[in-house]
There are 2 protein chains.
Amino acid sequence: MPQTPLRSATRYGTRPTMKDVAARAGVGLKTVSRVVNGEPGVTPETERRVQEAIDALGFRRNDSARVLRKGRTASIGLVLEDLADPFYGPLSRSVEEVARAHGALLINGSSAEDPEREQELVLALCARRVDGLVVIPAGDDHRYLEPELKAGVATVFVDRPAGHIDADVVLSDNFGGARDGVAHLIAHGHRRIGFIGDMPRIHTAAERLRGYRVAMEDAGIPVTDSWMSLGVTDPERVRRAAEEMLTGPDPVTAIFAGNNRVTVTVIRVLAEQARRVALVGFDDIELADLLQPGVTVVAQDASDIGRTAAERLFRQLDGTLVTPERIELPTRLITRGSGEIPPAD
Amino acid sequence: MPQTPLRSATRYGTRPTMKDVAARAGVGLKTVSRVVNGEPGVTPETERRVQEAIDALGFRRNDSARVLRKGRTASIGLVLEDLADPFYGPLSRSVEEVARAHGALLINGSSAEDPEREQELVLALCARRVDGLVVIPAGDDHRYLEPELKAGVATVFVDRPAGHIDADVVLSDNFGGARDGVAHLIAHGHRRIGFIGDMPRIHTAAERLRGYRVAMEDAGIPVTDSWMSLGVTDPERVRRAAEEMLTGPDPVTAIFAGNNRVTVTVIRVLAEQARRVALVGFDDIELADLLQPGVTVVAQDASDIGRTAAERLFRQLDGTLVTPERIELPTRLITRGSGEIPPAD
DNA sequence: TAGAGCCTGGACAACGTTGTCAGGCTCGGG
DNA sequence: CCCGAGCCTGACAACGTTGTCCAGGCTCTA
């Protein structure tokens with residue numbers, strides 16, 4: 001039984017190749033390649049014929065083959081915690097903009113704060129031969145990236161430093177920001193200040209906690225364990241933690257919230273309280289100025305962080321950059337009311 | 001002059017291949033392939049040797065080559081308007097989750113509401129041979145996708161239907177939602193109701209405007225041009241539009257805001273007003289319940305939309321789905337206070 | 001003990017593109 | 001009239017992987 005040819009430009013599910021275009025235009029394969037890539041050395045007449053064939057067949061260059069040949073994919077990977085988090089949207093967008101300016105596409109992945117999933121994602125991106133990686137680490141050991149780095153995959157860590165490898169990192173001054181935020185509360189007369197944050201194994205959480213401790217220490221205020229809640233992140237537990245601090249034996253008059261999700265929940269809790277409790281949150285939140293009172297926050301600029309990281313990435317690819325560096329971007333205290341409430345003792 | 005070999009597994013900037021691994025393990029190329037892909041037919045002892053070589057060399061399969069061979073990339077593309085917009089973060093995330101469940105990666109791109117950029121992005125994704133596309137259209141003519149569809153690229157449009165081609169589309173009931181929202185205001189006694197929305201060339205904007213018109217018509221209320229502001233999107237112009245409606249010769253007592261960005265700006269304007277003006281917004285906004293008054297909105301579920309679209313995409317790839325359909329997801333009116341303010345005449 | 005059948009491993013081509021190189025053509029100058 | 005230079009064009013190999021197919025060695029059965 002004679003087999004029908006497996007490929008034919010019109011068959012559903014297959015695509016025309018340069019060979020098909022060449023056949024139709026009556027030219028050689030390489031000539032098509034030249035036209036597609038705008039290389040010089042093709043007569044206008046030939047070019048027209050080729051272009052016609054391209055349009056007629058709906059040809060689209062296969063970049064997989066191109067990548068295989070050229071070695072560069074013109075794409076970079078971004079691994080973050082959760083794209084749905086309002087902090088990462090703008091960050092991702094600014095990375096994308098920089099990538100676009102360099103003609104690269106962006107592949108996104110959410111690790112959901114799971115180290116295993118982070119590694120899985122990063123390695124999948126490497127298998128696709130992304131030119132570079134921007135990683136917001138979930139895990140704290142990144143030795144698995146060593147072969148990739150050696151192979152020349154540009155890599156920038158964001159928000160938290162890499163574990164056990166030497167790599168670029170761009171982050172906010174979490175320590176300084178938290179310290180200043182807490183100091184702000186102290187300056188307004190507070191001494192019993194609560195801290196609600198994420199697990200200290202997360203670098204940002206640890207740094208912010210350190211900022212809290214140092215600010216308290218600098219003011220000569222001894223800290224009680226019952227003022228600190230670490231590792232809670234889901235709304236229910238944050239709520240309970242906040243309520244305990246507010247009603248315990250040594251109730252706080254102010255709360256420092258370690259990240260935007262905590263802040264939102266604390267706002268809800270405070271709205272239900274009879275007495276007025278001061279609040280400063282890490283990370284800005286939308287509409288914070290429209291709430292009553294406005295929410296005082298330590299803001300980090302997600303777009304700026306993303307842009308800085310992506311630009312470093314492409315400078316690594318240029319060869320302009322070689323030595324890994326740690327870049328710390330300043331935070332900004334935005335006073336809107338909630339942080340200026342005096343203690344109600 | 002004898003040329004030094006260009007490749008060698010240890011040279012910086014190159015990566016070991018299966019050939020290198022095979023050489024080191026003393027086996028054939030295909031055996032390495034089998035081990036890497038977990039195919040049967042390899043003795044445990046051979047497998048161990050190969051695995052050892054893989055680890056020693058830091059080998060990582062080159063998926064470009066794999067794709068070239070297999071035809072499927074296990075990646076899908078998502079083209080949206082702006083990843084920084086809080087509506088698209090969750091949408092993107094839910095698409096990613098579905099993709100992950102099918103072993104696929106997600107490539108993201110923002111069109112910035114520019115049809116040309118949309119096309120550019122979509123074609124770049126097609127050149128990379130994504131298996132499928134989820135597109136939130138910026139333009140209104142998608143005939144450029146015909147060759148891709150014919151070639152079997154699964155495609156689902158989201159939020160707005162495709163132009164001039166027959167394709168799946170998943171969207172909210174923009175018309176019904178807006179109509180119900182406006183009817184809600186009417187039910188609370190309003191007759192002079194303003195509408196601020198995007199350009200009507202955008203499908204969602206047009207549908208929401210239609211909902212507004214029909215609700216007014218159903219209530220027998222003639223609409224004045226000065227109550228409608230179309231095509232404004234930047235905060236400055238929204239602000240001016242709102243102020244004009246409120247202070248004009250025939251001032252409105254309520255405003256229907258056509259999308260989340262408009263809503264936010266209108267909230268700011270209303271906060272400055274002496275008299276109380278009712279507001280219903282399309283799209284939910286974070287912390288809407290904590291504002292004074294709480295913001296009544298017509299909510300659409302971004303995650304649900306994303307999930308539905310992505311699931312359809314993979315069912316297209318399965319072959320389970322063939323006929324393009326239009327899927328309209330219901331919206332939900334969430335009353336929180338701002339929409340229940342009576343008219344102040 | 002021979003033959004059939006199974007299991008393991010490897011040689012080879014193919015995927016679609018681009019870099020290299022050489023051939024053919026035209027044109028101008030000697 | 002011939003030759004070299006310069007321009008277009010196309011044949012061919014290579015990128016790294018996987019599918020196909022076959023060889024060789026083994027076990028099992030008649």
Side-chain angles (χ1 to χ4, degrees), chain A residues 3 5-9 11 13-50 53-54 57-74 126-129 151, chain B residues 3 5-9 11 13-50 53-54 57-74 126-129 151:
Chain A
Q3 248 199 342
L6 267 172
R7 324 196 77 262
S8 111
R11 190 166 154 276
T14 68
R15 312 199 55 139
T17 71
M18 287 194 178
K19 203 165 142 192
D20 299 321
V21 174
R24 176 159 184 139
V27 301
L29 181 53
K30 184 64 217 232
T31 301
V32 177
S33 172
R34 275 194 265 264
V35 171
V36 169
N37 294 295
E39 284 168 29
V42 180
T43 345
E45 163 57 14
T46 310
E47 174 166 358
R48 196 192 49 73
R49 282 221 317 282
V50 171
I54 288 176
L57 295 175
F59 167 80
R60 216 79 81 186
R61 179 178 65 200
N62 184 332
D63 275 355
S64 296
R66 173 168 227 249
V67 160
L68 182 57
R69 197 60 238 262
K70 304 203 77 148
R72 282 263 163 123
T73 54
C126 289
R128 266 147 223 256
R129 295 293 186 268
Chain B
Q3 250 198 340
L6 265 173
R7 323 198 77 262
S8 110
R11 190 166 153 276
T14 68
R15 313 200 53 139
T17 70
M18 286 192 177
K19 203 166 142 191
D20 299 321
V21 174
R24 175 160 183 138
V27 301
L29 182 53
K30 185 62 217 243
T31 302
V32 177
S33 173
R34 276 195 266 264
V35 171
V36 169
N37 294 295
E39 284 169 28
V42 180
T43 353
E45 162 58 14
T46 310
E47 175 166 357
R48 195 190 53 70
R49 282 222 317 284
V50 171
I54 287 176
L57 295 174
F59 167 80
R60 217 77 83 186
R61 178 178 66 199
N62 185 331
D63 273 357
S64 297
R66 174 168 226 252
V67 161
L68 182 57
R69 194 63 236 261
K70 306 203 76 149
R72 281 266 164 118
T73 54
C126 290
R128 266 146 223 259
R129 295 294 186 268

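Each chain gets a letter, A, B and so on, in the order the sequences are listed, and its residues count up from 1. Every heavy atom of this structure was used, including side-chain atoms; hydrogens, water molecules and symmetry mates were not.
Remark: B:D20 CG to B:L29 CG distance equals 10.0 Å, nearest 0.5 Å.
Residues B:R128 and A:R128 are not in side-chain contact: their nearest non-hydrogen atoms beyond the backbone lie 4.5 Å or more apart. Between B:R66 and B:N37 there is a side-chain heavy-atom pair separated by less than 4.5 Å. You'll find the side chain of B:V36 reaches within 4.5 Å of the side chain of B:M18, heavy atoms only. Here the side chains of A:V27 and A:R49 are in contact, with some heavy-atom distance below 4.5 Å. In this structure, the side chains of B:R129 and A:R60 come closer than 4.5 Å at one or more pairs of heavy atoms. A:R34 places none of its side-chain heavy atoms less than 4.5 Å from the side chain of A:E47. By the 4.5 Å heavy-atom criterion applied to side chains, B:N62 and B:R15 are not counted as neighbours.
Taking atom NZ of A:K19 as the reference point, atom C1' of D:dC12 lies 13 Å away to the nearest angstrom. Counting to the nearest Å, the P atom of D:dT17 and the CD1 atom of B:I54 are 10 Å from each other. One atom, CG of B:L29, and another, C1' of C:dC12, lie 10 Å apart when rounded to the nearest Å. Computed from coordinates, the B:M18 CE to C:dG9 P distance equals 16 Å when rounded to whole Å. Look at CZ on A:R60: it is 16 Å from P on C:dG16, rounded to the nearest Å. Rounded to whole Å, the distance from CG on B:L57 to C1' on D:dG16 is 15 Å. Atom CG in B:D20 sits roughly 8 Å away from atom P in D:dG16 (whole-Å rounding). Atom P of nucleotide C:dG9 and atom CZ of B:R48 are separated by 13 Å, given to the nearest angstrom.
In the region residues 30-42 of chain B, proximity to DNA chain C at under 4.0 angstrom, judged on heavy atoms, holds for B:K30, B:T31, B:R34, B:G41, B:V42. Residues of residues 62-72 of chain A having a heavy atom closer than 4.0 Å to DNA chain D, listed by number: A:L68, A:R69.
The nearest pair of heavy atoms linking B:S64 to A:V67 is OG-CG1, 3.1 Å. B:F59 and B:T17 get closest at one heavy-atom pair: CE1-C, 3.6 Å.
Just one of A:V32, A:L57, A:I54 meets the side chain to side chain contact (heavy atoms under 4.5 Å, CB included) condition when paired with A:R24; it is A:L57.
Candidate nucleotides C:dT18, C:dG16, D:dG16 were compared by shortest atom distance to the side chain of B:T17, and D:dG16 ranks first.
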Between N or O atoms, less than 3.5 Å apart, protein on one side and nucleotides 24-27 of chain C on the other: list the pairs.
none

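Within the 4.0 Å cut-off from OP1 or OP2 of D:dT9, at least one side-chain nitrogen or oxygen of A:T43 is found. Remark: B:R61 is in phosphate contact with D:dT18, judged by side-chain N or O atoms under 4.0 Å from OP1 or OP2.
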